[in-house]
Amino acid sequence: MTRHEPQPVTADGILNATAELFRFSVDEIVGPRRQRPLVKARQISMYVFRELTELSYPDIARVFGGRDHTTAIHAVQKITKQMAEQPETFNQINQLIQKIKNA
């Protein structure tokens with residue numbers, strides 16, 4: 001019996017899984033629009049990038065349309081806090097990470 005080797009986590013994999021979970025397009029996730037549900041999806045995606053990749057904050061910011069690295073830092077801090085306070089956010093992140101790892 002051969003074991004299925006997990007695929008490496010890629011930027012495209014994270015963006016595609018985020019877009020699918022939150023029902024946005026990848027272009028919307030990395031784009032400039034700032035509607036609340038979209039911003040939260042983007043921040044969660046940045047958090048997951050930090051958790052699952054070795055990318056630096058500036059590298060993560062570049063993936064998201066060339067934003068400033070402080071935007072990525074803020075997103076990770078905000079989502080870390082929300083995970084502790086909001087079970088829904090915690091569950092969304094766990095669901096997204098499982099989706100990425102099982103892709």
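- With R42 contributing its side chain and R33 its backbone, the two residues share a donor-acceptor pair below 3.5 Å.
- The nearest pair of heavy atoms linking I29 to A41 is CD1-CB, 4.0 Å.
- Note that the CD atom of Q92 and the OG1 atom of T18 stand 11.0 Å from one another [nearest 0.5 Å].
- Counting heavy atoms of neighbouring residues, nucleotides and ligands inside a 6.0 Å radius, atom CD of E54 does not exceed 12 of them.
- F90 and L21 fall within the same hydrophobic cluster, defined by Ile, Leu, Val, Met, Phe, Trp and Tyr side-chain heavy atoms under 4.5 Å apart, directly or through other members.
- A72 and A61 make their closest contact through CB-N, 4.4 Å (heavy atoms, listed as atom of the first residue, atom of the second, distance).
- When all heavy atoms of F64 and S45 are compared, the pair lying nearest together is CZ-OG, 3.4 Å.
- Atom CD of Q35 is surrounded by more than 12 heavy atoms from other residues, nucleotides or ligands within 6.0 Å.
- Looking only at atom types and distance, the side chain of D68 has a donor-acceptor partner in the side chain of T70 under 3.5 Å away.
- Taken from CD in E28 to CZ in F22, the straight-line distance is 13.5 Å, to the nearest 0.5 Å.
- For the atom pair OH of Y47 and CD1 of I14, the computed distance is 12.5 Å after rounding to the nearest 0.5 Å.
- Residues K40 and T89 bring a donor and an acceptor atom of their side chains to less than 3.5 Å of each other.
- Taken to the nearest 0.5 Å, the CD atom of E88 stands 9.5 Å off from the CD atom of Q82.
- Considering NE2 of H69 and CD1 of I60, their distance stands at 11.5 Å, rounded to 0.5 Å.
- Listed for the T80 side chain is a donor-acceptor partner under 3.5 Å among the backbone atoms of V76.
- For the pair R50 and Y57, the cation sits on the ring face: its NZ or CZ lies under 6.0 Å from the ring centre, inside 45° of the axis.
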